[in-house]
Amino acid sequence: MKKSNTPKPNKSWSIQDSLETYNIEKWGDKYFSLNQKGNIAIFPNGEKENNIDLLQLIKELKSREINPPLIIRFNDILKDRISELNIAFEKAIKNYQYSNKYKGVFPIKCNHQKNLIEKILEFGSQWNFGLEVGSKSELLIGLSLIENKKSLLICNGYKDKNYIEMTILARKLGKQPILVIEQRDEVPRIIECVRKLGATPLIGIRSKLSSKSIGRWGKSIGESSKFGLSIPEIMLTLKDLESANLLSELQLLHFHIGSQISDISIIKDALQEASQIFVELSKLGAPMKYIDVGGGLGIDYEGSTTTSSNSTNYSLQNYANDVVATIKDSCAVNNIEEPIIISESGRSIISHCSILIFNILGTSNINYIINENNKNKHSLIISNLLNTFREIKEIKATKDEYTKIIELWNDAKKFKDDCLSTFRLGFMSLEERAYAEQITWACAKEITNKIEIENIHNKELADIKDTLASTYYGNFSVFRSIPDSWAINQIFPIIPIHRHLEKPIFNGTFADLTCDSDGKLNNFIDKGQSKSLLKLHNLNENEDYFIGIFLSGAYQEALGNLHNLFGNTNIIHIDITKENKYKISNIIKEDNKAEVLKIFDYSSEELIERIRLNSESAINENKLRIEESRQLISQIEHSLRESTYLSE
Ligand SMILES: *Cc1c(COP(=O)(O)O)cnc(C)c1O
């Protein structure tokens with residue numbers, strides 16, 4: 001293990017500064033903060049007295065040779081999120097004197113990991129929490145894992161005969177699958193299966209809503225959305241079910257307006273429309289018993305409580321209140337029995353419990369410290385550049401001088417470009433060119449310092465800071481572990497998990513291990529906005545620097561891909577045992593290279609065999625010694641069994 005220095009408190013930087021810089025207490029909710037050592041503290045059940053030092057935990061994992069990149073999951077956080085959701089609905093039901101209950105289901109697509117789904121069913125069992133599935137493979141998981149006969153299994157997604165028959169037969173096992181019709185052409189298929197098997201499923205209808213939605217998933221609602229039936233299609237379906245004697249099984253109305261809905265008013269509009277459709281279906285003779293409000297319950301990734309796409313302008317309790325109140329109103333006006341309320345909240349339950357940790361392999365910090373009194377004779381351009389630097393140093397950063405500073409900066413850039421031309425033509429040495437670049441960076445640093453000290457807000461000046469950005473090379477793959485940041489520009493809270501007693505002196509971005517220019521993280525939370533640079537620390541020799549990506553438990557694992565053949569990372573599940581103590585309850589080993597290669601049909605044996613044949617020829621041609629051949633093969637054999645990520 002590497003030796004770590006004990007953190008030295010820094011007079012100009014305190015834990016409070018870090019909490020503010022990274023907005024930790026806002027997005028961290030009751031689960032994440034900093035401890036007195038300047039490390040991230042985790043409060044797995046949201047109680048102040050029970051916390052875990054994340055750095056300590058990572059060090060202990062490392063001593064067991066479980067190395068980053070890794071995902072750490074806190075079962076207690078998951079448990080807390082599930083009870084928060086259920087309790088919020090219980091409260092709302094009580095407050096509004098709603099006469100029926102809430103029965104949540106977890107949409108499996110948010111995270112398929114077996115251990116996690118088992119935990120969700122275990123923690124949710126007192127509320128008969130169930131599952132939502134959207135494909136045949138997910139259906140198999142749902143059918144096999146749900147043991148509680150009171151839990152629902154909501155069956156969404158496109159359905160063929162096989163899908164439909166499995167759900168009909170599962171009902172005979174005493175389970176409660178509800179087949180939700182998503183497409184018109186599923187109706188004759190369902191009727192045919194019912195005839196064939198002589199048994200019926202419980203049926204639901206997914207409705208397309210016309211209420212307008214905004215944001216990334218705006219298109220999943222409205223007439224042109226991919227899923228659900230339009231009102232005329234619902235009417236036709238009702239007729240079909242009636243003539244097949246199945247109307248008595250139509251008990252559920254479902255809608256889903258997309259994920260991470262930031263604005264509660266959009267949810268309210270959708271709820272009103274759906275409640276009205278529910279009422280109409282009842283009036284048309286369907287024994288409606290359930291209303292399923294889908295997903296969409298968002299979380300506050302940046303802690304700004306706004307309608308920014310990384311935030312929400314409502315709390316969990318606001319959400320539950322609005323769902324219950326709206327449904328109640330529609331039923332009351334029409335004198336209809338209040339239905340069981342189902343929600344399919346995935347993101348909100350599963351995001352907080354997972355943290356992705358990676359280590360930094362190196363940085364490209366820019367060296368802006370120059371020797372002004374460099375005695376070497378230098379060219380006129382360099383003297384000009386040095387003079388510009390001196391002028392920048394002397395200038396006062398007052399508002400009147402903004403234009404002057406920008407002018408000087410443009411001069412510096414011009415001189416630097418001149419140096420490049422001179423170099424190209426062969427009139428400047430490599431050493432001089434390096435000196436010129438360094439002076440330009442020194443100019444940028446000088447300006448940046450002034451901006452920070454005077455707290456200046458000027459876009460043009462602030463942009464100069466980017467020139468000095470450092471790249472931090474991380475031991476991870478964006479495509480494997482945080483694909484939404486690449487695919488849809490989603491922002492997660494990303495912060496160092498230790499050293500919060502030290503001032504982070506650099507502004508940086510992250511680059512991953514893949515050979516892809518998109519393999520980077522350069523968009524960070526910024527209290528309602530986003531920013532392109534994150535405050536980061538200098539790297540200390542022989543000391544790890546760990547970065548955590550928080551709130552990352554939803555969607556990332558299933559969407560992650562094998563770009564450059566970086567495989568699954570280690571996943572560790574942590575249980576709190578007693579005060580400030582924990583145990584590792586489950587380790588899911590990362591993929592090794594042989595496993596990842598196998599997915600694309602490369603067999604390790606064949607790979608080794610081919611290289612062995614190559615080395616035999618090389619030995620025959622006296623290009624390789626037998627000893628070297630043995631070393632090569634043994635390195636390859638060893639490597640195939642090892643991580644796809646970098647080791648020490
Ligand atoms: C994806 C999905 C969900 C989950 O949505 P969240 O916003 O993550 O809660 C729920 N229901 C359906 C039908 C979905 O497709």
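Just so you know, ligand 1 is whichever comes first in the structure, and atom 1 is the first atom listed for that ligand. Just so you know, residue 1 is the first one in the sequence shown, and it goes up from there.
When non-hydrogen atoms are compared, ligand 1 lies under 4.0 Å from neither the backbone nor the side chain of Phe227.
Polar contact with ligand 1: present for Ser259 (N/O pair, distance under 3.5 Å). In terms of N/O distances under 3.5 Å, ligand 1 is not approached by Glu132. Close N/O approach between Arg347 and ligand 1 is found [any backbone or side-chain N/O within under 3.5 Å]. Considering both main-chain and side-chain atoms, Gly258 never comes within under 3.5 Å of ligand 1 through any nitrogen or oxygen pair. Close N/O approach between Ser348 and ligand 1 is not found [any backbone or side-chain N/O within under 3.5 Å]. Of the polar atoms of Tyr555, at least one N or O is found under 3.5 Å from an N or O of ligand 1, judged by distance alone.
Taking every heavy atom of Gly346 and a limit of under 4.0 angstrom, the matching atoms of ligand 1 come to 6 (P), 8 (O), 9 (O). Ligand 1 places these atoms under 4.0 Å from at least one heavy atom of Gly296: 5 (O), 6 (P), 7 (O), 9 (O). Applying the 4.0 Å criterion to heavy atoms of Cys110 picks out, from ligand 1, the atoms 8 (O). Those atoms of ligand 1 with a heavy atom of Asn156 less than 4.0 angstrom away are 13 (C). Residue Ser345 approaches ligand 1 through these ligand atoms, each under 4.0 Å from one of its heavy atoms: 9 (O).
The local environment of NZ in Lys26 is sparse, with at most 12 non-hydrogen atoms from other residues, nucleotides or ligands closer than 6.0 Å. A 6.0 Å sphere centred on NZ of Lys328 holds more than 12 heavy atoms belonging to other residues, nucleotides or ligands. Enclosure of atom CD in Glu337 is not indicated, since only 12 or fewer non-hydrogen atoms of other residues, nucleotides or ligands lie within 6.0 angstrom.
Classification of the Trp27-Phe32 ring pair by plane angle, with boundaries at 30° and 60°, yields tilted.
Looking at Asn570, its side chain does come within 3.5 Å of a backbone N or O of Glu590 through a donor-acceptor pair.
Contacts of Glu90 classified as side chain to side chain donor-acceptor pair (under 3.5 Å), with partners at least two apart in sequence or in another chain: Trp127. Residues satisfying the salt bridge (Lys or Arg N to Asp or Glu O under 4.0 Å) test with Asp484, not counting sequence neighbours, are none.
Aromatic ring centroids of Phe492 and Phe550 lie 6.0 Å or more apart.
Atom 15 (O) of ligand 1 has its closest protein heavy atom at Lys109 NZ, 2.6 Å. For atom 12 (C) of ligand 1, the closest non-hydrogen atom of the protein is Glu344 OE1, 3.3 Å.
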Run the ring pair (Phe, Tyr, Trp, His ring centres under 6.0 Å) check on Phe358 and Phe510 step by step: do they pass? CA-CA 11 Å; Phe358 64 90; Phe510 300 101; 5.5 Å; yes

